[in-house]
Each structure stands twice: as C-alpha cells, then as structure tokens.
Amino acid sequence: MTTRKVNIVKSADWITILLYLMLIFMGWFNIYAAVYNDEYNSIFDTTQRYGAQLLWIGLAIIIAFILFIVDNKAYHFFAYIIYGIVVFILVGVLFFGKEVNGARAWFELGPIGLQPAEFGKFATSLAIARFLSSFNLKIHKLENIVIILLVILTPAFLIILQNDTGSALVYLAFVFVLFREGLTPWVLIIGVVVLLLFFASLLLEPLTVLISLYVFTIILFRLNNNKALREILIATSVIFALSGVIWLVVYFFKLPINFYFSVVIAIFLAGVYFLFYAYKKNLKVVLLLIAFFAGSLIFSFSVNYVFDHVLQDHQQKRINVLLNRDVDVKSAGYNVHQSKIAIGSGGFYGKGYLKGTQTKFNFVPEQSTDFIFCTVGEEWGFLGSVTVVLLFVFLILRIIYMAERQRSVFGRVYGYSVASILFVHFAVNIGMTIGLAPVIGIPLPFFSYGGSSLWAFTILLFIFVRLDASRMELF
Amino acid sequence: MKNKFESRQYVIGGIIIFIAIAFIIQLFLLQVVDTAYKVSADNNVFRYVTEYPGRGLIMDRNGKLLVYNEVAYDLEVVPNFMRSFDTLELCSILDISKEKLVEGVQKAKQYSAYKPSVVVKQISSKKYAILQETLYKFPGFAVRTRTLRKYPEPIAAHVLGYVGEVNDKIIKSDKYYKSGDYIGISGIERSYEKEVRGRKGVKIYLVDVHNSIKGSYKDGTFDTASIVGANITTTLDAELQSYGEKLMQNKIGSIVALEPSTGEILALITSPSYNSNLLVGQERTKNYMMLQDDKLKPLFNRALMARYPPGSTFKLVNALVGLQEGIITTNSAFSCNGGYHVGSFTVGCHHGGSIDFLHSIQGSCNSYYCNVFQRILDDKKYGKVSVAYNNWRRHLASFGIGRKLEIDLSSELSSFVPTSEYYDKIYGKDKWKSLWIISMAIGQGELGVTPIHMANLTATIANRGYYVIPHIIKSIEGKKSIDPKYLEKHYTTIDRKYFDPVVDGMELVITSGTATRARLPGVAICGKTGTAENPHGTDHSIFVAFAPKNNPKIAIAVYIENGGFGSTWAAPIASLMIEKYLNDTISRPLMEEGMVNANLINEKKQ
Ligand SMILES: [Zn+2]
C-alpha cells in the first residue's frame, strides 16, 4: 500500500459538517424553548441549560477541530489502546463514580459531569473496525465470533452494571455493521421475526397468531415450490379435519381442553407425518419450514409466560404503554401521553417558537434531554418534525454513502458503526416520543441537552469525517 | 476495493428509510389527522375561572331598598390538584375540626376528581383575609366568592321570592347554569332571573404542570367580563306592604292593592308569611323544612293561589252584566220579601218590599241578584241556558276572571268559573236550569276567585271599564321600558256608561250601606262587602274597594279567613290601607289598634 498527500480541508465532506452544525444549533434553539421562562432569558446564562449547552457546543467544535488535525492513521493505530482506556474508565466509574439516581454513571471533573458510557460507543467502533479490517478475516470462524462478541459486549455489560440498560441496548447497532461485513442474514431475519412474534403474541389472540404463522409458512413453502398447491390443500384439509375430530373427542369426553389446543394438537400430529414424509424424500426446505413453524409456536407460547413471570413490573409497564394496553396516564404512561399531546397539539405548522404550552409549562418531563423532540413537534409542527426526521435520515444515509466510498475496510466498518449508532439513537428516541418505541432513555444525537452525549457524538462523527477526508491517500 | 457484500448497503438503507416513513406517517396521524391532542393540550394548560357577578338590587317604587347582597366566601377543592398539606394549619385558620375537613374532602372526591366542589361554606371575611395569604400552601384549594341575598326589612317574602342552587334538570336544559350556581326559585327572583342575575364572566389562565397560575391567556383577549345583575325597581310600596303585613298579623288571608290606572301592584300580602332571611345561608334547608311543616302554610302564596268564593262582591259583576245585556236598567226594582223564593226554593235575604238598583248594591240584596242572574240565563235571545251561561262567562273573562291574567309572578293560578260543559257533565247535556246554579248570583257555589283577580276586578270598575294586567315590575336598570303587555289597556265587554251607577252604589255601601265601618272622612271610598261561605268553619270576610271615587289611586281586595262578615274585619282593614296609602297617616288609631291586635288564628283553633 502506498500513500499520497491530499488537501484534507478540500476533501473533507462539508455536507456532513453542515448537517452536523444544523442539527446542533437546531437542538440548541429547542433546548432554549424547553427551558425558557420569562425570568431568566439571557442566552449566555450558564446556570440555565441553554447557556450551558452553548458552552458545550463551543467545546464540541474545538474537539471536532482537534480531531480533524490529528493524522488519520493514528485512529487505526491507537484503536485498541483507546478502547482499552475507555473500558478501564467504565470499570473505574463503577467504583469511583458519582451516584445519581441510583446509578454510578458519572465522573465529576470540577463543574462538569462526564458520562463515560457515552464514550464507549466510538471506542468500540474503533476496536471493531480495527479487528474486522484484519487481513483476510473470516467472520464466521468461531474464534472470530467470540472476539467480536467480547469487543461489543464488554462495554455493554459494564454499562448494564451502571444500571443504564437503555444505553447498553445501543450496542445492538453493531448487528448492522456485521451484516454489512458478511454476517449471515439469518441473524437479522430471526431478529425481526422474534420482535414481530413477541409483539404479536402479546397483542393478538393465540389462535390468530397460530393461523397467521401457518399461512406465513405456507407462503414461504409456495415461494420455494411453485407446484405445491395440491400438497398445501391436502395438508390444510387434513389439519382441519383432524382438529375437528379432536374437538369432537374433547367435547364428547368433556376434557378440559379448549379449541385452540385441539388445533395445536392436530397441527402437531399432522406435523409428525409431514416430518416423516419430508425426511424420507429428503426435502430439506420442508424440514426447515417445519422447524421454523414449531420454533415460532413455542416462542409465542413462552412470550406470555416470560412477560408475566420473568419481566419486572416496570418493564411490563413500559411494554404495556408501548402496546397501548391498560395505560395509566398518571404514572407509567404519563411521559408518553404528555409527549404525544405536545407533538399532536403542534398541528401542521406548529404553535410557533417559544409558544408551546406543553413545553413552557413543563408537562413533559425530561424535555430538554430525552424528550427534546416534543418541543420540535409542538412549536414547529408537522413541517418541523418532518424536517428533523429528514435531516437525520439524510445524515445517516450520507454517512453510509461515505462509508461505501472508503478504500480501507477500517474506514468502511467505522463509517457503518457511526451510521448504525446514530440510527439506533434516532429510531429509539423519536420512536419513543411518538409512541412507536418503548420508553428507553437515550438521547437524540446532537439535539438533547448534555455535554457528554454531545461530545461523544461529535467525536464519533468527526473521526469518521477525518478518515473520509484522507480516503484518497490510499490506493 | 470491491466487496461481495456491497449490495447489502441497500438493505440497511432500506431499513432506515422504512423507519423514517413509519415516523412520518405517525407524525402525520398525530399532528394533522387527530385533533384530540390539541384539546388535551388545552385542557392541560387552560384553567377557566368563573367570576360570579352580584345579583341586581331590588327596590320599591320609591327607591327604598328591599333586597341587597352580602359577599360570602366558599372554600372549594379540586381533589386531583390536591397535594399533601398541613391539615391542622388549614383547620385552625378556618376554625373547624379536622373531621369536618376530611369529610368535606371525601365528599368532593366522590363528586368529581377534576371539578371543584365546596368544602366549607360561607367563611367570614376575617377568616378569608388570613386564608387568602396562606392559600398557596394548600394546592387544590381555592376560594369562590359568592353573593348572598340580604333583606333589610323582612317584608314581601312571597313577592321577592328566594334563590337557591340549580338542580340537575335546569343544568341539563339551560347551558348557562353549572352545578352550584344560584338561580331565582320563586317571586321576582324567578320572574326576572335573566335580568337580575347578570352574566357570569370567564377568565382564562395558563397553568403549569403543578396547576399554579402563570398568567392570563393572551393578556385576557378571550376573557369575558362578568356583568353585574340589573337593579330592579318594583311597583311595591314598601310602607304600605309593611303596614298591611302588620294589620294581617295573627290572621290568615290576603291583601292585594293595585294602582287602577296602571295595574301596578302596590302591596301583595299573604298571611302568615315568613322572614326572607330564613331562606339564605347555611340554615336554609333546615328552615325551609320547618316552614314546609308549619300547619298554617306560610310558604303558600294565598294572594295568587287561594281560590275563595267571592260572595256578595260578585253582585257587582252581575249588576254590570245585567245592565249590558239589557236585563235590567238603573230603574229596575225587584221585591225582596226576606229572600228569593221559587216554589219551595229560597235564597234568604233581610229586606222587605221593593229594592231598586242602587239599594241592591248598598244593601247587598240577594233576591235582587237572584232575579237578575236568573233572567240573564233565561234570556230568550240566547234560546238555551247553556248559550246564555257561556255569554255570561264571556263577560267575566273580559274582567280576567276564569283564566290567568298572566301577571309577572309565576305562581298565579286562574280563578275558577265552571264551563257549561261542567254542568252538562253533572246534569246531562242541556238538562240543567238557571235555578240550579242560582247561587252564583251571589258569588257562592263552585266559583273560586283569587285575591289578585278580585283586586283586578275592583280596579276595572274603578277605571270604569278597563284594566292593565297587574304587575310587579316598574323598571329595569338599563332597559327603556318594561314588557309592553304590562302597559296595554284591556277593555271589558261592558259599556263605560254602565259603570257609573255601579260605582254610585259602591259609594253608598260605605256612606250608608253594609260597610259604614270603612268610612274615611274626606275620602270618597267605593266598596263592596262579601262573605265567602266556609263549610269548614266561620265564613271568610271579604271586602273590595277603591278610592277616591273620581280618579282612583288605589283598588284593594281584602280576604280574612274565618273573619265572618265582610264588614267585620275586611272592610276596616281595607279602609286603613287606603288611608295609609292616600294620606300617609292614620286618623283612627283605635281602629288600627283593634285590627292589629285581633288574633283570628287562635279563634280558629278554639
Ligand atoms: Zn234583599
């Protein structure tokens, strides 16, 4: 590999930098609105959150500048060391951190509180990028899988110990990175199926889930084999007839079994025959489908059990709020209810800057941090909300585009890490405020109040902007 | 550096775009499609505070105050906005027991979690002053200022009426009223509720999540100011009313005095009455029950609702109808040999020989009016008795008798004059004869006339042929005129010329007839006595009169239950009332004393 010098200022991606600046300043304006009251309104008053945030923004820009003048090869070189230092700090905070709200997640540096968990994200991204860029790496080799899992899960585990499950969940973002680097798509597919089944099992009647699963399996089967219509019809009528017979027996002997279970029994009896038939004729697809069907069914059974017996009370509540099941708007559902009121009341054009009544009179808790999007929704309306959503999507897709143009695996993996982490934050945070995701307290990148998160996202993004600026040095 | 998984970037990009589209759809649903969130946001932040205006004052015709307001403070609570507070401190400010406060809050919770309800009623202004300073310590509590009616002199309770809290029926039918609001329930308070209540105002405040007020919404652009109720001047003469009530003490009955030319009610007395101050404030319900249980029925408005047979006073009407129908002339005479005799049937009287028109009124001759009434009913020009009867009834109706006058006090009942169908039902169609209903000639039988209708009849005679519907309203502040229906003259079916001889007869009643006790030197009073037969005890004493004879200023009807002959009690009382109104002094203190001190209720009991 040879290198050549390029003008990094010229080749820097100014679109990304511009999007970044737009987001942090829009964020600041909304924090001002969220905290605004008539008594304190000097924007430089650092005792107020908007004043402090202005200071954090200034520091963030200095950090961005410093990151930009550092040599691009340093990030590759120091990746593991940075990762090691951050893990060390994450361990340290468990012992020496300041306890806030029952979580040891903060270091106090004079007047500034630092949250090390925020910095775990860029460090892990660097480490993963470094590892995956190892020459001729086979991702599906067991030892590699173990190393990758260790790199990702170590910080995540330490963050869970800080009692901050929400921030730990963000590390799932690396699934997208690994998928791009060749991880089997089954991880993603199974993930989606599990998620859908989970909610379907909680929301729908068991019989509905069962029939949906059956129909879905048949469709998969038919996609694989165009001529299978006859077999499908036979199988379906056999199951129908069988469940009818079983139901009659149950009814006749007054057995304590309901209709749903007689259908399940019929399907399993039929399934045993199909399994035997498929095994004999060596039909791999059919075997796989039957395994999928049975597995899904068992999973669906267990979801309700897990929900009732394994999940803790507050976790159940969060899921209930998300699913709109017996929502108590005074307690667990309060945040989301008020958040939806704030956003919903904004209407198409919004109430106007500093005119949001939900915002001004503190009906939404955590409004300058996790629920900052409410201010956007209330004061800037549908137009403003869509603008923010589009800016984020544009930024994330831009980063993916940039990642794809990297000449090094290190650059590409790091780029995908940045995009995935931003995406998970964006999806969970906004999804939560509009009632599409459970209440998981993670900040909206660049928008939410807080120095640690702003600096951490700035570092995450600007390392990549720096790498990208030098992409032409490699060939 | 090509990579075989390059196409996977589109899968990841697709997932991102999918989520973004889901978000935009959800935002569209929340912000554009569903309007419920806007309402919820408003409910969160707006606090509507109602301002209650004072009710209008009520005055008599001379501007004397009859009803005014006193401010009272009620402590209210909205249970949902309550936070923990120092109960002992609140109790000591209000000087109530902790149990009472807890009970009040408990009741409020049962009523509604979001709506305010009264916990402690009518806090004194002194306690209120302390409470106002410390109210911030008791979130959820607020003081509601209300006005209570006060009466400087306890007169005319039935005319003024009383106010009370609206019931559910009213709340449902009239959007203006909310639970806990006051409304006029009887009397003027009810008739002129719309004028006297004023208009409630609403102030819109912005409140934060702790329900503390942050300022008024858009500088009060959308507030509506409360408008104080209009002051009302009534036609009552407070002095006359008060004097009449004094005369009527310890008597059951009624006095109605009108100004004939205008129909204005000068006095409307019903006895026994009650003190209006009893039906105000905390003891209201208790006092109301007490009044309701009273055997003498002080809540019953006799002046407007009690139907008595008019007795001999009704001869005036039959005289007028007889003249109008040409049955008699002022020269007609009938013989009275101790009564009216048809076969074995007799209506007794006390005259001998021939009685002429003037003396028939002066001496209240039963025979004379039985003859007149019989001839009215058997008049050949009508063919059948029922037709002639209905014609007679038509004349009565033109005096306002037999129907409602529609005065501006809601409890007025119509007087009762049977219809021809009524007799058809009893005796069979057209089977009844004039003789069978002859008692109506002298105002007995089924007839039932209320005091106000009798007073109106008297005013009509005083006016020589017309009346203006009696009314209590003289003027309403801010209004140019009262309802024109109380200015309109209603002419009777009797020609003006027939009134003069009747009036002459009425003058003779006082000067040398059945009511010489009512004589008042210097004033030409015209009157007529009557006695209403009372099957349950002593007859009722009735007297109607107007004065002076020319250009009359007052027409009056006096009913004294169990008072015996009209001349005994009713006539002197009417005379004193007339003197009080016209001369403002009483020249007959002995008569006054006798009337005031007479106790006819005890007599009834014995
Ligand atoms: Zn006689």
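Order of the sequence lines fixes the chain letters, A, B, ..., with proteins taken first and strands second; residue numbering starts at 1 for each chain.
In this structure, chain A has no heavy atom under 4.5 Å from any part of B:Val33. Both the backbone and the side chain of A:Phe348 come within contact range of chain B, each with at least one heavy atom under 4.5 Å from a heavy atom of that chain. Contacts of A:Ile430 with chain B are made by both backbone and side-chain atoms, with heavy-atom separations under 4.5 Å. For A:Tyr416, the part sitting under 4.5 Å from any heavy atom of chain B is the side chain, from C-beta outward, and nothing else. When heavy atoms are compared at a cutoff of 4.5 Å, B:Leu29 does not approach chain A at all. Looking at B:Ile19, only its side chain comes within 4.5 Å of chain A, counting heavy atoms on both sides. Looking at A:Ile343, the atoms closer than 4.5 Å to chain B (heavy atoms on both sides) sit in the backbone and in the side chain alike. Of the two parts of A:Ile434, the backbone and the side chain both hold a non-hydrogen atom closer than 4.5 Å to a non-hydrogen atom of chain B. For a residue to count as touching a neighbouring chain, one of its non-hydrogen atoms must lie under 4.5 Å from one of that chain's; by this rule A:Phe394 does not touch chain B.
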Report the C-alpha distance between A:Phe176 and B:Ile15 in whole Å, list the side-chain angles of each, state the deciding distance to 0.1 Å, and finish with yes or no for side-chain contact (heavy atoms from CB on, under 4.5 Å).
-> CA-CA 10 Å; A:Phe176 292 111; B:Ile15 292 170; 3.8 Å; yes
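One finds the CG atom of B:Leu27 at 11.0 Å from the CG atom of A:Leu383 (value rounded to the nearest 0.5 Å). Taking CD of B:Gln31 as the start and CH2 of A:Trp380 as the end, the distance is 13.5 Å to the nearest 0.5 Å. In this structure, the separation between OG on A:Ser420 and CD1 on B:Ile12 is 6.0 Å, given to the nearest 0.5 Å.
A:Glu404 places no side-chain N or O within 3.5 Å of a backbone atom of B:Gln9 that could act as its donor or acceptor partner. When atom types are taken as modelled, the side chain of B:Gln26 and the backbone of A:Gly435 share no donor-acceptor pair closer than 3.5 angstrom.
Contact count against chain B (heavy-atom pairs under 4.5 Å) is highest for A:Gly182 among A:Gly182, A:Ala403, A:Gly346, A:Ala342.
For OH of B:Tyr52, the number of neighbouring non-hydrogen atoms (other residues, nucleotides, ligands) closer than 6.0 Å is greater than 12. With a 6.0 Å radius and a threshold of 12 heavy atoms from other residues, nucleotides or ligands, B:Tyr176 has its OH atom above the threshold. Within 6.0 Å of CZ on B:Phe85 lie more than 12 heavy atoms contributed by other residues, nucleotides or ligands. Environment of NZ in B:Lys203: sparse, with no more than 12 heavy atoms of neighbouring residues, nucleotides or ligands closer than 6.0 Å.
Residues B:Ile16 and A:Phe426 are not in side-chain contact: their nearest non-hydrogen atoms beyond the backbone lie 4.5 Å or more apart.
Between A:Leu397 and B:Gly13, the closest heavy-atom pair is CD2-CA, 4.0 Å.
Remark: A:Arg180 is not positioned above the aromatic ring of B:Phe5, lacking an NZ or CZ atom under 6.0 angstrom from the ring centre and at most 45 degrees off the axis.
Ring geometry for B:Phe28 versus A:Phe382: interplanar angle over 60°, hence perpendicular rather than tilted (30 to 60°).
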